[in-house]
Structure formats: C-alpha cells, structure tokens
Amino acid sequence: MADAVAPHASMPAGLDTAGSDDAQDVWDSADIRRGHLRLRTLVRLRWVVVAGEVALLLLMAFGLGFDAPYLACAVVVVIGAIINVVTAIAAQPQRVMGDREAVLQLSLDIVQMSALLALVGGTANPFVLILLAPPTLAAATLPLRPVWVLGVMASVASLLLAVVNLPYPSLGETTVSLEFRLVSGLANVAGIALIASYVRQSVEEAARMALALDVTQKVLAREQRLSALGALAAAAAHELGTPLATISIVSKEMAREAVNPQVKEDAELLMSQADRCREILQRLAATPDKATDAVHERLSLRQLVQEVIEPHANASKEVRVEAIVTGAKDVKTPDIRRLPEITHAFTTFVENAVDFARSEILVSARFDADSISIEVRDDGPGFAPEILAKLGEPYVTSRPGAEGSRTGHIGMGLGFFISKTLLERTGAVVTFHNARPRGAVVAARWPRSLVEAV
C-alpha cells in the first residue's frame, strides 16, 4: 500500500458504472484541466478597467492638476476600448474561450495596461497593482500552463516598467528614485505570485468540494432508487396475493378429489408451497427491509476476511495475500452482521495494497470482549508524509498518473474517501499510518455491540 494508494483507489462499482462519465466531467473541472472563461465575463471586466483608467486620467488632469501626456494616454485607453468592442461584436458572448484565445486576450490587456502605466510613471505609480488583474483572472478560470504564461508576462512587464517609463507626473519637480521603482516592481511580482496562488488554491478546493457533493448526490439517488424498489416489492406482494389464493383453492380441490395417493401428495405439496409464498410476500409487504435470509445475514470473522482477500488472492504472482483471525483468551469468537460497507471498503484497501506491496499483504481481524478490529498491512514503501495527514479526504493524490503500480489503474482520489465514509457509517474508527520498518497500515475498530450478530 504505497504512497499513492489513496489517490488511485477505485470508486465503488455503482458510481463507476452509473455515473462515470458525469463524474469524470466534474473531475476535469475540479482540477481546472479545462478553461472556463466566458467571453462575456472578459468583456465586462475590461469595461470596468477602461472606466477606471478614464476616471484616473480625469482625476489627474482636473482634480490634481498633474502634468502628463494625456493625449497619448487617451489613445491607449481608446485602443483598449476598441479592442473590447470588436471582441464583443465578433463572437458570441456566452462562448467559453479556448486556452490560446484566452491567453491572447489577457496578454493584450497586460500590454494595454503596461503602455498606459509607462506613460504615467511606471512602477512609481501606485496603480501599477492593476497588472495583478489578468493573472488573477487566469488563475480562477484557466489551466495551469496559461496561468504561468500570463503570470510571467505580467511579472516581466512590472520589472520593465521600473526602468522604461516617463516620469511620474506631479505638481512639483519631485522625482522617484530607480531603487524605489525597482523595489516597487519586485513587490508587484510578489503580489502577482501570491494572489494568483491563493485564488488558484481556493478555486481548486471549491471544485473538489463540488465533486464531493456530486458523488454524495449520486449515492443518495441510488439509495432512493433502492427505496423505490422496496416499495415496488411491497406492491408486487399485494398483487400476487390473489393468484396465490386461487392456486391454494384449486390445490385443495385437487387433493380432495384425487384418484390416487400420488396425485393427492402432489396437490398437498402445491398447497404447502403456495402457502409458503404467501407468507414470504406478507413479510415483504410488512417489512421489506427485514425480508432477508437469516442464514446469510451473519458470517464469522474468518469468512469476512476470506471474502475480502478472495478477489485478490491470485491477482499477482509477486504478492502473497493472507488472512488471520486472533482473539483474547477465553472470549468467544463473534459472528459479524453482513454489512456491504465493510466488505467493499476493505476490498478497496486490499486492491490498492496489491498495487504497491513488495511481496506480502496481511489482512488480520482481532477481537476481545469489547471491540473488533480489522487491519490491512503491506510491506510496500508506505504512505508519503505529505499525504498521510490528508488520507480519507476526497481527491488526495500524490501524482497525476499510476506509474509504479502493478495494475496501472488511474483513479480519482476517491477510493479512500468513500471507503472511510462507508466504514464510519457503520460506527468504525478508521486510522492510517506507516508501519516499521516499512509498509502501510489501514485499520478500522468497532465497539463489538455495533457489528456483532446476535
């Protein structure tokens, strides 16, 4: 169970088959692998920037009385406005821009802003902060590579503006030193990196939570369908009551008028089976959730661990999968209620362990008078320190692919999240840690009263 066990664990079968396409679409958005910057959004933000530039120039000219090349500044602002008008007219406003188009559009914004700033003092102008806007917008809406391109471009522009600019307009002869302009440019670069990183992290976290909600909604929808199926079973039980009553009446007539013992015996058998069907259907109608086979509702601890390892016992010739059961002295070995959550969760843990174990996986069940615990231990490299504290959260991943695994399975980082959630629903306390000298350990512990079959 290596450091990538949790990231590449499989989804539950129901989620994998019923909604894999939808879940994958959400996952793409969660990792910001596709840009989703709408043209309408860019146009609106540009108008805000143009309005701010116009307001700044009017304040400098008529409010503060600064001496500046206003004609050249007006030309730069008008060019920005024309670009925005052409962009709005030439394409559908609702369209999501491709990555290259978004980079080109935001690059034009950086150039336009830089040109205006160069005319009014460069980095000596406190409004140099406006260069943070395009990289920040990219961090919120575009894949990582365009964010890097625009971030580097805005950073280079900030540094160039420290040395390539007209003097900062003022009422007197005050000049701003080169040292101050350079420090201001570096501060702007730091601001670009910091704010873009914050925005990027927040957007990714929000998308991850959106996917977690999507997965939860799918699980709830599935449970609703199962509930509807139970209601349908109750309705079927009610409808089948009439034909079974007819069969019972006819069988009694056949038994009464039987010409030989063999026919009478067959008729009585038919009557008894019809009565049995009616009893089963009555239980279904009354308590569909309890209409199960008592023999299969419970299993021993050894049966449980055998069920867990059975699908993987011969999955790899390189790895041996074993199971053991131990208990406290003079304590009766408990039978466990058959809970699909436990079987699925530990099957997922073993599946991941097979991928990354060196030679052996041990599934052990222990019990005492108060508790029952199950543990999956392997001899692989163990969990990576950077993800150990996050295991059990959705989308914990240590690498983008599945290199190093035996199966090559590429997961979504949901396997441990779903398995841990399922186990906690049964009342388990789930822990993850690294063994010594090597290996990973996943364990769950229950109060005996919660899972023991009585």
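Predicted, not measured: the structure shown is a model, and the values here were computed from it. Positions are given from 1, in the same order as the sequence printed here.
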> Restricting to non-hydrogen atoms, name the atom on Glu322 and the atom on Ile309 that form the minimum distance, rounded to 0.1 Å.
C-CD1, 4.3 Å

> If you compare all heavy atoms of Glu268 against all heavy atoms of Ala255, which two are closest, and at what distance to 0.1 Å?
CG-CB, 4.3 Å

> Evaluate the side-chain proximity of Asp335 to Gln303: yes if any heavy-atom separation is below 4.5 Å, no if none is.
no

> Working to the nearest 0.5 angstrom, can you tell me the gap between Asp99 CG and Thr141 OG1?
9.5 Å

> Can you find a pair of side-chain heavy atoms, one from Glu53 and one from Met113, that are under 4.5 Å apart?
yes

> Among Val350, Thr348, Val354, which residue satisfies the side-chain contact (heavy atoms from CB on, under 4.5 Å) criterion with Asn352?
Thr348

> What are the two closest heavy atoms between Ala435 and Val441, and how far apart are they?
CB-CG2, 3.7 Å

> Quick one: does Thr87's side chain get under 4.5 Å of Arg46's, heavy atoms only?
yes

> Does one side chain, of Ser371 or Asp368, offer a donor that lies under 3.5 Å from an acceptor on the other?
yes

> Under a 4.5 Å cut-off applied to non-hydrogen side-chain atoms, are Val376 and Val308 in contact?
no

> Under 3.5 Å, side chain of Arg337 to main-chain N/O of Leu450, donor-acceptor pair present?
yes

> Determine the minimum heavy-atom distance between Thr426 and Leu423, stating which atoms define it.
OG1-O, 2.5 Å

> Measuring from atom CZ of Arg40 to atom CE of Met97, what distance do you get when rounded to the nearest 0.5 angstrom?
12.5 Å

> Tell me the closest heavy-atom pair linking Ile372 and Pro334, and the distance in Å.
CD1-CG, 3.7 Å

> Are Asp109 and Leu106 side-chain neighbours, meaning at least one heavy-atom pair lies under 4.5 Å?
yes

> Step by step, work out the side chain to side chain contact (heavy atoms under 4.5 Å, CB included) result for Ser114 and Leu160.
CA-CA 9 Å; Ser114 300; Leu160 286 177; over 6 Å; no

> Once the angle between the rings of Phe416 and Phe432 is folded into 0 to 90°, is it parallel (under 30°), tilted (30 to 60°) or perpendicular (over 60°)?
parallel

> Is there a donor-acceptor pair closer than 3.5 Å between any side-chain N or O of Asn188 and the backbone N or O of Leu131?
no

> For Met153 and Val111, what are the C-alpha separation, side-chain angles and deciding distance, and is it a side chain to side chain contact (heavy atoms under 4.5 Å, CB included)?
CA-CA 9 Å; Met153 186 175 181; Val111 171; 3.7 Å; yes

> Working to the nearest 0.5 Å, report the span between NE2 of His344 and CD of Glu351.
9.0 Å

> For the side chain of Asp379 and the backbone of Ser359, is there at least one donor-acceptor N/O pair under 3.5 Å apart?
yes

> Look up atom CG in Leu42 and atom CG in Asn84, then write down how far apart they are to the nearest 0.5 Å.
7.0 Å

> Just how far is it from atom CE of Met254 to atom CG of Asp266, taken to the nearest 0.5 Å?
7.5 Å

> Got a donor-acceptor contact below 3.5 angstrom from the Ser107 side chain to the Val103 backbone?
yes

> Which pair of non-hydrogen atoms, one from Leu244 and one from Cys277, has the smallest distance, and what is that distance?
CD1-CB, 3.8 Å

> Could you check whether any side-chain heavy atom of Ile83 comes within less than 4.5 Å of a side-chain heavy atom of Gln112, counting everything from C-beta outward?
no

> Would you say that Arg448 contacts Val331 through its side chain, given a criterion of any heavy-atom pair below 4.5 Å between the two side chains?
yes

> Quick one: does Leu150's side chain get under 4.5 Å of Pro134's, heavy atoms only?
no

> Could you grab the distance from atom CG of Leu299 to atom OG1 of Thr343, nearest 0.5 Å is fine?
7.0 Å

> Among residues at least two apart in sequence or on other chains, which ones pass ring pair (Phe, Tyr, Trp, His ring centres under 6.0 Å) with Phe367?
none

